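Below is one structure, written out as structure tokens, with a few remarks after it.
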Amino acid sequence: MIERRKTKKIYVGDVPIGGNSPITIQSMTNTDTKDIDSTVLQIKKLEDAGCDIIRMAVNDFEDALALKEIKKSIKIPIISDIQFDYKLAIKAAENQSDAIRLNPGNIGDSWKIKEVTNACKFYGIPIRVGVNSGSIKKEFLHKFNGVNALSICLSAMEEIELLEKNNFYDIAVSLKASNVNLTIESYRKFADMSNYPLHLGVTEAGTPKNGIIKSSIGIGTLLSEGIGDTIRVSLTADPVEEVKTGKDILKALDLKEDGVDLISCPTCARTKLDLISIVNAAENRLYSMNKNLKVAIMGCPVNGPGEAKEADIGIAGGNGEGIIFRKGEIIKKVPEENLLEELLSEIEKLG
Ligand code: SF4
């Protein structure tokens, strides 16, 4: 059981972040925000995959106005991603955005920051500040010997202070780097400095092949230490893959219980059926099933049920046939071609 770091609780819409709330999964749309139909369609796919909070770029007033329309058709809260224009942040808040992602240091004059914090206070929405290793101010780089965990954390603290000066404390923080070790070190250091809730991610992690590895190590290491309140896996891919990976990371650490946990053996010379195809088909069919079950798919009956005793249900392959077992007890023998369908129908029977 992971003991989680105690953090301040904030709300994005009705979704809590921090304060020992369940760890949430975020993603970001890659549609044009003002293209309402395409954006809603993408968010619905992300909702179905298990996304809890969606972020979208707000690049102009038309994007900000679209938020209100998009919200009519989706269930999860929206975070508006703003780069430099304080007026867009205010417009997004006015148009029902549930949170704002921006760095006050990018906005400029202090009166502009005040206007943004006033709008967020008025609408009761939080702000996420975030430092990326590539965007640390020159003065910090000189003062703290380049890009390192200290310069990243102190940059984030400076952004936080700009909000706190306006009595704004509804804050989440991210400290991302594309280097996994630097990401881990930065979040660890910041966790000792502040109790604001943390949004975890390894930025620019890359294609699914590399990005899943980097994100799993980076986010997974921190979560296993109790650090992190919400996560976003960044992949150069369909954002649905980000959400699926996020769910898998949480499930692997027992931080998310809903959904099937599929375990399967690596296959060996004892495997006498096409186990890889069966496992891949099962993974697709079981992914969206909302049952808290451990399902095992093993290559042989000798080691199969024994090795997967802790599974609620599973199959073990034989030669042209296989057995279905429940909690290690054999319940039936089935020809290979029917194994998957029989397994799925037995799973349906389970609560
Ligand atoms: Fe080999 Fe059987 Fe173990 Fe699979 S379960 S790796 S087939 S011994």
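First listed ligand is number 1; within each ligand, the first listed atom is number 1. Just so you know, these numbers come straight off a predicted model, no measurement behind them.
Judged as a salt bridge (charged side-chain N to carboxylate O under 4.0 Å, His left out), and not counting sequence neighbours, E47 has no contacts.
Using a 4.0 Å cut-off between charged nitrogen and carboxylate oxygen, R326 and D312 do not count as a salt-bridge pair. One finds a salt bridge joining K91 and E94 here, because a Lys/Arg side-chain nitrogen approaches an Asp/Glu carboxylate oxygen to under 4.0 Å. Between D229 and R4, at least one side-chain nitrogen of the basic residue sits less than 4.0 Å from a carboxylate oxygen of the acidic one, meeting the salt-bridge criterion.
Among the atoms of C265, no N, O or S atom falls under 2.8 Å of atom 1 (Fe) of ligand 1.
For atom 1 (Fe) of ligand 1, the choice among C268, C300, A296 with the nearest heavy atom turns out to be C268.
For ligand 1 and R270, the ligand atoms under 4.0 Å from any heavy atom of the residue are 8 (S).
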